[in-house]
Amino acid sequence: MEGGVAGNTVPPNSFDKSQVYDVKPLRSLLPVFPGATNGPPFGTAPPNSPFPSGFSPFFPFSPPQGSPSTPVLNQNHFNSTAVPIRSFRADLPTSNGKNVHSSRKRKLAGSSSVKKKVKRSNESELALAALANFKPGISVVEKDDGNRELVETVLMRFDALRRKVSQIEDSKEPHSEVFKHANLKAGNIMLTKGVRTNGKKRIGVVPGVEIGDIFFFRMELILVGVHSQSMAGIDFMPMKGSDIEGERVAVSIVSAGGYEDDAEDPDVLVYTGQGGNANADKEASDQKLVRGNLALERSLHRANEVRVIRGFKDIFHPTSKVYVYDGLFKVQESWIEKGKTGCNIFKYKLVRTPGQTGAFSTWKSIKKWRADPSSRDGLILPDLTSGAESTPVSLVNEVDDEKGPAYFTYVSTVKYPKSFKLVQPSVGCNCSDACHPGNSNCPCNQKNGGDFPYIANGNLVCRKPMIYECGSSCPCFRNCKNRVSQTGFKVRYEVFKTRGKGWGLRSWDPIRAGTFLCEYAGEVLEKVEGQGGEDVENNDYVFHTNRVYESFKWNHETESAGEASSNTGEAFDIPTPLIISSKNSGNVARFMNHSCSPNVFWQPIMYEQNNEAFLHIAFFTKKHIPPMTELTYDYGTPLHTDGMGSYNADHGKKKCLCGSPKCRGYFY
DNA sequence: GCGGGTTCATAATA
DNA sequence: CTATTATGAACCCG
């Protein structure tokens with residue numbers, strides 16, 4: 001993994017000497033820091049904290065056999081022998097009276113489908129039904145009108161449920177009659193339970209939804225009240241009281257490239273009316289001035305604001321789309337023209353209401369940078385990893401004259417000192433090509449308690465005390481999905497100069513919740529009891545597992561009898577504290593700043609290399625993250641009890657500039 | 001590994 | 001209650 005990692009980057013000749021990067025081979029790690037000319041304001045890694053008294057040198061975890069010490073976070077009720085996913089509790093009542101699946105029943109016209117349905121209704125069907133067994137936790141008022149927090153909560157809860165549904169679907173037999181629309185199923189459950197917000201239709205701003213917010217499913221737009229049509233591109237509502245069709249105005253449109261829209265000027269959108277398309281039953285026809293078309297015509301005359309949502313191809317999922325809320329527009333004019341098919345189509349020219357910073361222009365710029373990275377303003381280096389990662393990372397400064405962070409060696413993974421030995425060998429699997437989520441005999445599945453950690457696209461399903469990935473002794477090399485954190489990041493990053501927080505990390509790509517970002521690379525520090533640890537104390541580039549981290553809810557919650565409140569956290573199970581320094585060598589993770597309202601979290605992952613199991617710290621996105629949004633995680637608070645006497649609680653305390661309403665005011 | 005066609009779905013609406 | 005509508009999403013194929 002670390003083999004062959006090149007040294008550093010070669011800067012242009014014009015650089016100030018004190019800031020020049022040296023090209024150094026990995027092996028000759030030297031803590032060479034060219035003059036600290038740029039001061040300390042790097043908001044990156046925190047200084048160290050004292051160890052708990054019980055600290056001892058790292059040793060391996062996770063005996064493979066027997067019961068993993070992994071607490072069970074969900075209701076899945078696994079016992080120590082790790083049962084497959086199909087053994088989801090089947091005894092859960094279909095809460096709230098109504099079985100979710102009743103909505104799935106088809107018209108009984110053709111009786112052939114009935115047989116299949118009955119046949120598979122006892123296993124995963126019941127597992128899916130169990131997912132609907134949770135408290136809505138949304139009041140009537142909140143259902144009608146939202147705010148930022150509600151919008152984020154609803155979206156996070158939806159996606160947690162969607163990933164859980166996907167996980168169950170993934171574990172079914174291949175080629176079985178499968179319902180793959182996990183987003184629809186999750187959405188159906190959310191709507192049935194009333195977990196939504198801004199359900200009251202409105203013209204203009206939707207409380208809690210901001211320009212630039214991204215969505216990956218039309219269902220998400222419905223759930224937070226941006227656009228309530230599941231497929232149609234034009235949403236509308238009656239003007240005051242009157243409910244005659246002619247009195248409805250358009251409230252939002254989705255421009256997703258299905259028609260011949262014009263999308264050059266970011267402040268202007270020429271949108272095609274709906275209808276008239278050919279389908280299996282009928283030929284293309286003239287569009288009619290009804291429904292959405294009529295509503296847009298009314299909006300032209302009433303001059304009301306119309307929300308615009310733009311759809312783009314999702315480069316990580318070429319078959320699906322990512323939607324961006326682009327702000328408020330007004331219909332300026334309309335006309336009829338001949339479409340490709342020769343039939344009449346309506347056209348509507350919408351113009352952005354002044355004073356809004358649209359999101360579309362940013363997306364267009366990124367498209368340009370992607371084609372030609374040197375076109376990025378403020379570019380210092382096209383790839384600060386020097387090829388160590390499969391995806392380049394740009395170094396950019398649009399803020400001041402600083403030519404880059406202090407010297408470090410780029411490495412893509414964490415490195416353990418030789419002295420860390422494995423006590424017990426790790427057991428790999430025998431899966432020939434790839435581990436299948438439904439295979440209960442796979443030891444790697446068993447180590448994960450029967451829950452495959454990732455869905456098919458590589459997104460994390462839920463946080464767990466520990467995740468066990470396949471290692472180097474597993475023969476499933478080529479296609480195994482249980483190696484997400486080992487296959488390198490796919491996100492196109494840039495390291496950029498922030499205002500006041502040193503260097504930071506952000507992405508050109510829109511990122512889904514649960515996406516693997518990177519691991520925390522660097523050198524694992526050994527701390528010998530009794531001896532100092534100056535290497536830790538004065539190091540701003542350190543990751544600690546043994547801090548106090550604010551708990552938060554990310555997993556899908558289900559009620560289950562007898563498991564009352566033990567399910568508070570998604571706490572980790574790390575047998576021995578781990579400290580990683582990225583001061584001398586590290587990866588993009590060392591540039592992630594602290595935030596009290598972070599959009600990224602970390603997750604311990606274990607896998608075996610050369611018969612030794614190692615712990616890695618992997619970062620995943622907490623929610624959907626729009627392009628160019630700074631990536632941040634919670635640095636946590638040091639434990640102040642080291643059992644060895646004096647410790648200054650304020651040591652390393654820094655003023656926090658995260659700007660969150662929940663800001664604690666400082667961080668370490 | 002795309003782009004286009006096919007199939008299976010949906011929520012809101014009339 | 002049912003049919004209709006629609007810029008969906010996943011999958012299949014060449």
Side-chain angles (χ1 to χ4, degrees), chain A residues 100-101 103-110 112-113 116-117 162 165-166 169-170 172 174-192 194 196 199-201 215-238 243-248 250-263 269-282 285 287-288 290-296 307-324 339-340 345-348 350 455-457:
Chain A
V100 176
H101 295 285
S103 64
R104 256 198 83 193
K105 67 173 181 291
R106 299 192 190 128
K107 298 136 201 158
L108 298 177
S112 64
S113 64
K116 285 171 192 162
K117 186 178 189 306
R162 185 190 66 82
V165 172
S166 294
E169 295 291 346
D170 287 350
K172 290 179 180 175
H175 304 304
S176 62
E177 189 99 346
V178 217
F179 178 97
K180 293 281 188 172
H181 298 250
N183 74 88
L184 295 180
K185 181 155 288 174
N188 177 290
I189 293 173
M190 296 285 281
L191 291 170
T192 305
R196 63 185 305 175
K200 193 179 74 187
K201 258 192 202 185
F215 307 87
F216 289 87
F217 297 95
R218 290 288 293 264
M219 184 58 75
E220 294 178 326
L221 300 175
I222 296 172
L223 288 171
V224 299
V226 184
H227 185 85
S228 65
Q229 301 289 322
S230 62
M231 297 177 80
I234 307 168
D235 194 16
F236 45 84
M237 66 180 282
D243 195 16
I244 350 168
E245 184 175 17
E247 288 302 318
R248 287 184 220 127
V251 294
S252 56
I253 58 173
V254 177
S255 169
Y259 290 75
E260 310 157 31
D261 297 334
D262 180 10
L269 171 64
V270 176
Y271 191 78
T272 306
Q274 63 187 190
N277 289 317
N279 62 27
D281 300 331
K282 61 178 198 292
S285 60
Q287 291 185 341
K288 298 184 182 63
V290 294
R291 297 171 173 280
N293 299 343
L294 185 53
L296 277 171
R307 294 185 293 274
V308 168
I309 299 103
R310 312 241 194 189
F312 295 81
K313 188 196 267 189
D314 180 354
I315 62 164
F316 297 126
H317 308 82
T319 168
S320 45
K321 292 200 176 93
V322 48
Y323 300 95
V324 186
K340 267 184 194 162
I345 56 174
F346 292 99
K347 287 285 187 178
Y348 300 91
L350 293 101
I455 55 177
N457 70 1

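What you see below is based on every heavy atom in this structure, not just the backbone, and it leaves out hydrogens, waters and symmetry mates. Letters go in sequence order (proteins before strands), and every chain restarts at 1.
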Trainee: With sequence neighbours left out, write down each residue that passes side chain to side chain contact (heavy atoms under 4.5 Å, CB included) with S252(A), or none if nothing qualifies.
Mentor: H227(A), D235(A), R307(A), I309(A)

Trainee: Picking from dA9(B), dA10(C), dC2(B), which would you name as closest to the side chain of K313(A)?
Mentor: dC2(B)

Trainee: Within the structure, does a side-chain N or O atom of Y348(A) lie under 4.0 Å from either OP1 or OP2 of dT7(C)?
Mentor: no

Trainee: If you look at every strand shown and take non-hydrogen atoms under 4.0 Å, does G273(A) touch a base, only sugar-phosphate, or nothing?
Mentor: base

Trainee: Which residue lies toward the 5' end of DNA chain B, P318(A) or M231(A), if each is placed at its nearest nucleotide?
Mentor: P318(A)

Trainee: With sequence neighbours left out, what residues match N277(A) under side chain to side chain contact (heavy atoms under 4.5 Å, CB included)?
Mentor: Y259(A)

Trainee: For R218(A), give me all partners under salt bridge (Lys or Arg N to Asp or Glu O under 4.0 Å), at least two apart in sequence or on another chain.
Mentor: none

Trainee: Want to settle it: does F217(A) or Q229(A) sit nearer the 5' end of DNA chain C, counting the closest nucleotide to each?
Mentor: Q229(A)

Trainee: Between dG8(C), dA12(B), dA10(C), which one does the side chain of K321(A) approach most closely?
Mentor: dG8(C)

Trainee: Looking at R248(A), does any N or O in its side chain come under 4.0 Å of the phosphate oxygens OP1/OP2 on dA14(B)?
Mentor: yes

Trainee: I want to verify a distance call: between dA12(B), dG8(C), dT10(B), whose nearest atom is closest to the K201(A) side chain?
Mentor: dA12(B)

Trainee: Under 4.0 Å between a side-chain N or O of N188(A) and OP1 or OP2 of dA11(B)?
Mentor: yes

Trainee: Could you pick out which residue, Y323(A) or G275(A), lies toward the 5' side of DNA chain C when each is mapped onto its nearest nucleotide?
Mentor: G275(A)

Trainee: Can a side chain N or O of R196(A) be found less than 4.0 Å away from OP1 or OP2 on dA12(B)?
Mentor: yes

Trainee: For K200(A), check salt bridge (Lys or Arg N to Asp or Glu O under 4.0 Å) against everything at least two apart and list the hits.
Mentor: D145(A)

Trainee: If you check every side-chain atom of R291(A), which of dA10(C), dT7(C), dT5(C) has the closest atom?
Mentor: dT5(C)

Trainee: Reckon T319(A) touches a base, only the sugar-phosphate, or nothing at all at heavy-atom distances under 4.0 Å?
Mentor: base

Trainee: Reading DNA chain B 5' to 3', how would its secondary structure be written in dot-bracket notation, given Watson-Crick and G-U pairs with both distances under 3.5 Å, brackets [ ] for crossing pairs and | for partners on other strands?
Mentor: .|||||||.|||||

Trainee: Once ring-ring contact (aromatic ring centres under 6.0 Å, His included) is applied, do any residues pair with F312(A), and if so which ones, sequence neighbours excluded?
Mentor: F360(A), W363(A)

